[in-house]
Structure formats: C-alpha cells, structure tokens
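To start, the structure itself, in structure tokens.
A quick note: this is a predicted structure, and the numbers were derived from the prediction, not measured.
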There are 2 protein chains.
Amino acid sequence: MKLSTKGRYAVMAMADLALASQDGPVTLSDIASRQSISLSYLEQLFAKLRRADIVSSIRGPGGGYRLSRKPTEIRISDIIVAVDEPLRATRCSSAKGCLADGRRCITHDLWDELGRHIYLFLSSITLEDVLERRLLGAASGALGRMERPKPVAEPATV
Amino acid sequence: MKLSTKGRYAVMAMADLALASQDGPVTLSDIASRQSISLSYLEQLFAKLRRADIVSSIRGPGGGYRLSRKPTEIRISDIIVAVDEPLRATRCSSAKGCLADGRRCITHDLWDELGRHIYLFLSSITLEDVLERRLLGAASGALGRMERPKPVAEPATV
DNA sequence: CATATTCCTGACTGTTCTACTCGGTTATTG
DNA sequence: CAATAACCGAGTAGAACAGTCAGGAATATG
C-alpha cells in the first residue's frame with residue numbers, strides 16, 4: 001500500500017467516472033477536462049485499472065470506459081493497489097533485510113501494523129461511500145466491529 | 001503527514017537511540033553502523049530532530065545524542081512530522097485548488113479522513129510502545145472507544 | 001469503403017524526492 | 001595540541017511522479 005498522489009488521481013478519476021456513467025461509457029477526454037488531469041496520464045492509469053478488472057473499455061466512437069462492478073463493490077483499496085507500484089523494499093517492511101540483531105528489527109511490527117491499519121481503512125470504504133460523502137461512519141468502522149452492512153442489493157444508482 | 005521511508009529511518013534511529021542510551025550519550029556513528037544507515041544521512045535527520053526538540057546533543061569526545069524526553073512522552077507522529085517535509089499541495093488535500101464543481105472535490109473528505117486516521121494511529125503510539133513491542137493495544141486505541149478487537153481480515157501484503 | 005472516434009502502447013522529458021557522499025567548521029575532552 | 005564528535009552546506013545518482021508526443025488498432029457511422 002503506497003499512498004502516493006498517483007493513487008489519489010486514480011480515485012478522483014474513478015469517482016468522476018462513476019458519477020458520469022449514468023448513460024453509456026465515459027471517454028477519458030471528458031474525465032481529463034473535468035478533473036484537470038492530462039489525457040495521457042489518465043490513459044496510463046486506466047490501463048492498470050483495466051488490467052485489474054475494475055473498469056472495462058469500449059473502443060470506437062461512442063466508446064469509453066465503464067465500471068466493471070457496481071460502486072458498492074469497488075473498494076478504494078482496490079483502486080490504489082491497482083495503480084500503485086508495490087512499495088519498494090526499504091530495508092524493513094519486506095520480510096528480509098531488517099534483521100539487525102538476529103530477528104526482525106525493532107520497528108518492524110510498527111510498520112506492519114500501520115500498513116494493515118491503512119489497508120483496513122481504505123478497504124472499508126467503497127466508491128459508493130465516496131460518492132455519497134458517507135465517510136465518517138466508514139472511518140470509525142475501519143478497525144472492526146462495524147455493523148454497517150454493505151448494501152449489495154440496491155441496483156444502479158450508477 | 002507524509003509517510004515516506006525517511007520517516008521510517010528516523011523512527012528506526014530513534015528506537016536504536018532509546019535502546020542504547022542506557023548510559024550516556026550515543027554517537028551517530030554507533031547508530032549508523034547498527035542500523036546500516038549512512039552517517040551523513042543520520043546527521044541530516046538528527047538536525048531536524050534536534051530542531052524539533054526531540055533529542056539533544058553533546059559535542060566533543062564522549063558526546064552524542066540523547067532523548068530530550070522520556071520514551072513514554074515521544075509519539076511516533078512527533079518523529080515523522082519532524083523529519084518529513086510538509087507534503088506538497090497536489091491539487092487536492094490543500095484546501096484550495098480542488099474545486100472542480102464550485103466546492104471541494106468529491107474525494108476531498110476521503111483524503112482528509114485518511115490523513116486524520118493515520119495521524120491518530122501514529123500519535124497513539126509512543127517510542128516506549130515500540131521498544132516494548134506493545135503495538136496491538138495502541139493500535140486499537142487509535143480510534144478511541146474500542147477495547148481490543150483483532151483486525152477483521154488479514155489483508156494481503158500491504 | 002473511408003473517416004472519425006476512441007482506446008491502446010511505447011518512448012521520452014522535466015521536476016522532485018530519496019539516500020548518500022564529500023569537504024569542511026566548531027565545540028569539547030584528555 | 002590532537003582526537004573526537006556534533007554541525008553545516010553543497011552536490012550527486014537514481015527513482016518516482018506527472019506529463020508529453022507519436023503512432024497504432026479497433027469500431028461506429030456516412
């Protein structure tokens with residue numbers, strides 16, 4: 001989990017796509033102009049999103065992109081994992097290489113726990129939550145004991 | 001809150017310092033060789049830590065660094081804030097510049113909430129906690145009012 | 001069929017950050 | 001004085017970020 005601005009751009013674009021895909025596919029040009037992101041950069045991001053099967057594409061006139069799943073079934077963590085490089089092994093946080101005294105380095109557990117924490121937070125929030133600005137609930141639930149059921153039933157507010 | 005590897009190095013060094021400062025100041029050379037971090041890099045980090053009044057220095061032979069406060073009073077967030085640059089304004093997450101439709105962009109609250117979340121987590125953990133490997137408790141405390149629920153799912157390598 | 005549209009791909013560029021090196025200065029101890 | 005160790009500033013290779021550019025491949029429409 002890398003948390004760069006790249007992931008933010010991707011989530012912004014995905015939110016825009018979700019909002020705009022009311023009727024038919026959305027072109028990257030539209031997203032680019034609305035979100036002020038360069039078209040080519042978006043193309044790179046969406047290539048990864050497509051490979052991760054989060055969006056699907058239709059070529060030709062009238063084509064564009066569309067969500068592969070409903071916004072309730074796309075977690076923010078899915079998006080970020082799809083576009084971000086796996087964070088490079090910086091001595092620690094990569095299983096090996098952080099054995100100063102024979103076992104894992106002192107701070108290993110800390111980064112481990114932090115990473116898990118962030119992941120839980122972002123995987124407890126769906127695209128739908130972002131669209132509905134339904135965030136505080138998800139935040140408190142991130143650590144567990146949250147009842148808030150993900151409604152999978154409701155179709156196509158998309 | 002920036003969460004780069006720079007902050008990790010700083011926390012590793014601080015943990016090392018805390019462990020080694022049983023008797024007298026600790027030299028950066030010692031920390032450098034134990035933690036495999038370059039001496040000059042450490043010097044840069046500790047210059048910032050000193051400016052933030054987290055450590056204090058003694059020059060000359062027998063000198064070195066020492067914690068300014070007790071490990072129970074040094075929060076991990078203090079360390080990271082001290083060494084990391086304030087994250088640059090990347091369109092969103094900087095109050096202005098993210099007004100696509102007149103007000104704040106759709107994902108603004110998300111990043112806001114995430115940032116607050118990470119900060120709460122890291123400020124709920126002290127250096128002492130890291131030394132004692134007392135992490136899960138602190139982690140659960142990050143959000144306040146929860147007793148100790150284990151994280152729900154085991155996320156893939158975050 | 002031709003053409004416009006749109007996705008798709010690869011290579012290349014300027015800027016920033018990381019992690020580090022080098023050369024030197026200042027303060028303190030023996 | 002000489003050794004130690006903190007300080008300070010400049011400079012560097014490499015990587016990632018954000019973007020540009022040039023072209024190609026699929027598809028709908030006239």
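Taking atom CD1 on B/I31 and atom P on D/dA5, their separation rounds to 13 Å, with Å as the unit. Following rounding to the nearest Å, B/L42 (CG) and C/dC20 (C1') show an atom-to-atom distance of 11 Å. Regarding B/Q44, its CD atom lies at a distance of 11 Å from the P atom of C/dT21, rounded to whole Å. Rounded to an integer number of Å, the gap from CG of A/L28 to P of C/dT9 is 13 Å. The nearest whole Å value for the distance from the CG atom in B/L17 to the P atom in D/dA6 is 11 Å. We find that CD of A/Q35 is positioned 17 Å from C1' of D/dG19, with the value rounded to whole Å. A straight line from CG of A/L45 to C1' of C/dT9 spans 15 Å, rounded to a whole angstrom. Rounded to whole Å, the distance from CG on B/D30 to P on D/dT4 is 13 Å.
Checking A/G63 against A/S40, the closest nucleotide of DNA chain C that is more toward the 5' end is the one next to A/G63.
Between the base of C/dC8 and the side chain of A/E43 there is a donor-acceptor pair shorter than 3.5 Å.
Note: the hydrophobic cluster containing A/I76 also contains A/L19 (ILVMFWY, side chain heavy atoms under 4.5 Å, direct or indirect links). A/Y41 and A/L17 fall within a single hydrophobic cluster, where Ile, Leu, Val, Met, Phe, Trp and Tyr are joined by side-chain heavy atoms under 4.5 Å apart, directly or via other members.
Using a 4.0 Å cut-off between a side-chain N of Lys or Arg and a carboxylate O of Asp or Glu, A/D78 and A/R69 qualify as a salt bridge. Between B/D129 and B/R134, at least one side-chain nitrogen of the basic residue sits less than 4.0 Å from a carboxylate oxygen of the acidic one, meeting the salt-bridge criterion. A salt bridge links A/R34 with A/D16: the distance from a Lys NZ or Arg NE/NH1/NH2 to an Asp or Glu carboxylate oxygen falls below 4.0 Å.
When atom types are taken as modelled, the side chain of A/T27 and the backbone of A/D30 share a donor-acceptor pair closer than 3.5 angstrom.
An OP1 or OP2 oxygen of C/dT9 is reached within less than 4.0 angstrom by a side-chain nitrogen or oxygen of A/R50. Between B/S57 and D/dC7, a side-chain N or O to OP1/OP2 separation shorter than 4.0 Å is present. Phosphate proximity of D/dT20 to A/S38: present, with a side-chain N or O under 4.0 Å from OP1 or OP2. Proximity of A/Y41 to the phosphate of D/dA16: no side-chain N or O atom is located under 4.0 Å from OP1 or OP2.
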Polar atom pairs between nucleotides 27-30 of chain C and protein, under 3.5 Å, N or O only, would you list them?
| residue | atom | partner | partner atom | Å |
| --- | --- | --- | --- | --- |
| C/dA27 | O4' | B/R59 | NE | 3.4 |

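Between A/E128 and A/K70 there is no side-chain heavy-atom pair separated by less than 4.5 Å.
Across all strands shown, A/V55 has no heavy atoms under 4.0 Å from either base or sugar-phosphate atoms. A/Y65 comes within 4.0 angstrom of the backbone, heavy atoms only, and of no base.
Distances from the side chain of B/I37 to the nucleotides D/dG19, D/dA6, C/dC20 place C/dC20 closest.
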